[in-house]
Structures are given as C-alpha cells and as structure tokens.
Amino acid sequence: MGVTRKPKWTSEQIPDLVGRVAVVTGANSGIGLQTARELARAGAHTILACRSEERGQRAVGELQAEMPDSSVELMELDLGSLSSIQAFALDFAKGHTRLDMLINNAGIMAVPYSLTEDGFESQMGINHLGHFALTGRLLEPLLATPGARVVTVSSVGHRGATMDFENLLFEYGGYTPFRPYWRSKLANLLFTYELQRRLRSAGAQVSALAAHPGFSSTNIGGHLDSHWYSRIQQPLMSGFIQNAAMGALPTLRAAVDPDAEGGQYYGPSGLGGLRGHPVVVSSNAASRNRENARRLWEASEELTGVHCALPPSGASD
C-alpha cells in the first residue's frame, strides 16, 4: 500500500478571515505586502504598518485596485522609534478592540553601522527590539482575542549567530554588516519561544509562532546588489530564489492554519530550507536556550521600557 502524502500548503487553504483583524509590519513591499494581500483577500481587515507613508499609500492603492471589496488600512509605524511604536499602539486602540494576527515581518539586513532614534544598533533595534516593544504594546488587544497569533519572521541566518549579553548591541565593537542581522534573527526565535512559554503560563488563548521565507526575492538586501560578491553570487543562486508569493507562505501558514500550534517554526520544505512549500521546521540549539531567552527578554524590557504583563515561564513549560 502506498503512502498517502499530504497536499502542499498554498494560499488556497487560507480559511475565511471575515471579522478578523491583522497587523503586518513592513507591508509596503515584498513578503510583507504579499502577506497582507492574502490576508485581505481572505476577508481580514488588514492594517499595513509602514514607516513610509508614501510607499504605504502606494501599497494600499495596489491592493484596493486588485481587490476593491477588501478592507485595508495604512498606519504609520517606525520600528526604529519607541515613540512611534507607542503612538501606533495608542492609535490602534482607538479604532480596534481585537487583534487576531500580529505579523512581525519588517526588517533590515546587513546595513552599515547606524543607530536607531533611541540609540540602539539599527538591525537589533528594528528587527528585534522594535517588534518586542510593538508586541508588548499590543498585548492587551491580543489577549482580548481568543485564538490570536503573533508570528515573527526569522531567517535561516539565525544559525550563524551567537548571543553576547556583554555586547548585545555591538556597543563595544565587533560590528560587521551580517553579524547583527544574524543575531537579530536568533533573537526573533528566542523571543518567540519565550513568549509562547509565558503565554502558556498565563493561560492565555494566544499563540506565538515563527516563520522564515527561505531564499526569496525581496528588497531587504537590495542595497547589497552593488557589492562585487553579490554580482558574482546572483547568477549562481538564481535557481534557488523563489518569489515573494512563495516566501510569504510560511508566515501565512503560521498565522492562519487551524492545525498550527504555538511554539512552531514554519519554513520552506526544500533542501536547506531555501525554497518550497511551508512545513514545520527545526531551529538550532542556540534558539532553544531558555536561559538566553530569559536574559534577552529581561534585557529587552530594560532597553525598551516595555514590560509585558505576562508571568515568567515555568521550568516545565
């Protein structure tokens, strides 16, 4: 008797989302825009949380032209500014009492050294601390929505990272363009797993999951195109790159699949996790280090001033 294989998960399997509310950070292009598109197509009121009002308006116009009956909204959000994050959460609360899906998608990659408005190294500041603060600020509507999900987008690059709490934000040197990116992606996973443990300890009906897009065509690394190594690598890697629609599927599955569970990590099914349809994948041992997850949580609270109203995770969680 042959083995029955489950069908590959696609956007066609997204359930009816009418009445649901979703926030997608970095939704003006790439995987964020594709994620917002599919959530809106399924009926969710979808908020595009974008730093640039101009690019955000362009994305909203694109979705409305494609789907005139969709419910989409633009809200300005700069994840490199704690004051912007707070303002976003306050504005959200004025118009919404529920939040079914928070998609922590936005990010920057391998940029030259710079600081956020609040003095954080920019990649850790935006990719991790910004989303940590945003999740904390939106915790009330999430907790008020049974079945809500927080999906944070990580990367296979987390495997190249190390945590150094004595030099967490590279304030004492050691900066190279990719090291903080990899660390931020490891931090995304440590945060997701710790958040899930704390939600479970609190008895909350909210789940935290993570996803990664594999090797997908987006503009996150567009600034690297002028580098000599990118010009050499691009022709060699072109056969492995998948489009943004495929890259968004792991995030979408984590956000809407009825069978997805808190603490799961979704990514492409293909070799090396570079491409393919979304399945549950594994992350490395460093991402499962509970002591580092606790230390990162505490450091993130101290740095951002955002204290999530969740009890510490138990030893058996």
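Sequence positions, counted from 1, serve as the residue numbers for this chain. These numbers come from the heavy atoms of this one structure, side chains and all, not from hydrogens, waters or symmetry mates.
- Atom CZ of R51 sits about 12.5 Å away from atom OG1 of T25, to the nearest 0.5 Å.
- Within the model, atoms CG of L77 and OG of S84 stand 5.0 Å from one another, a figure rounded to the nearest 0.5 Å.
- Side-chain atoms of N127 and S184 include a donor-acceptor pair closer than 3.5 Å.
- Across I14 and A42, no two heavy atoms sit closer than the pair CG2-CB, 3.6 Å.
- A donor-acceptor pair shorter than 3.5 Å can be found between the side chains of H128 and S300.
- Under 3.5 Å, the side chains of N104 and T135 contain a donor-acceptor pair of N or O atoms.
- Using cut-offs of 30° and 60° for the angle between ring planes, the Y265 and H158 rings count as perpendicular.
- Taking CG of D100 as the reference point, atom CG of L39 lies at 10.5 Å (rounded to 0.5 Å).
- Other residues, nucleotides and ligands contribute over 12 non-hydrogen atoms within 6.0 Å of the CD atom of E62.
- Q123 places a side-chain N or O within 3.5 Å of a backbone atom of P177 that can act as its donor or acceptor partner.
- In the hydrophobic clustering of ILVMFWY residues, with side-chain heavy atoms under 4.5 Å counting as a link, Y175 and I108 come out together.
- The line from CG of L209 to CD of E261 is 9.0 Å long, rounded to the nearest 0.5 Å.
- Distance alone, capped at 3.5 Å, is enough to place a donor-acceptor pair between the K185 side chain and the V153 backbone.
- A distance-only check finds no donor-acceptor pair linking the side chain of E301 to the backbone of E298 [under 3.5 Å].
- Put simply, CD on Q57 and CG on N28 are 11.5 Å apart, with the number rounded to the nearest 0.5 Å.
- At distances below 3.5 Å, not a single donor-acceptor pair connects side-chain atoms of S201 with backbone N or O atoms of R198.
- Of the inter-residue distances, the one linking L189 atom CG with E194 atom CD reads 13.0 Å to the nearest 0.5 angstrom.
- Judged by the 6.0 Å and 45° rule, R288 forms a cation-pi pair with Y193.
- Using a 3.5 Å distance cut-off with no hydrogens or angles, the side chains of T116 and S122 do not pair a donor with an acceptor.
- Surrounding CD of E12 are at most 12 heavy atoms belonging to other residues, nucleotides or ligands under 6.0 Å away.
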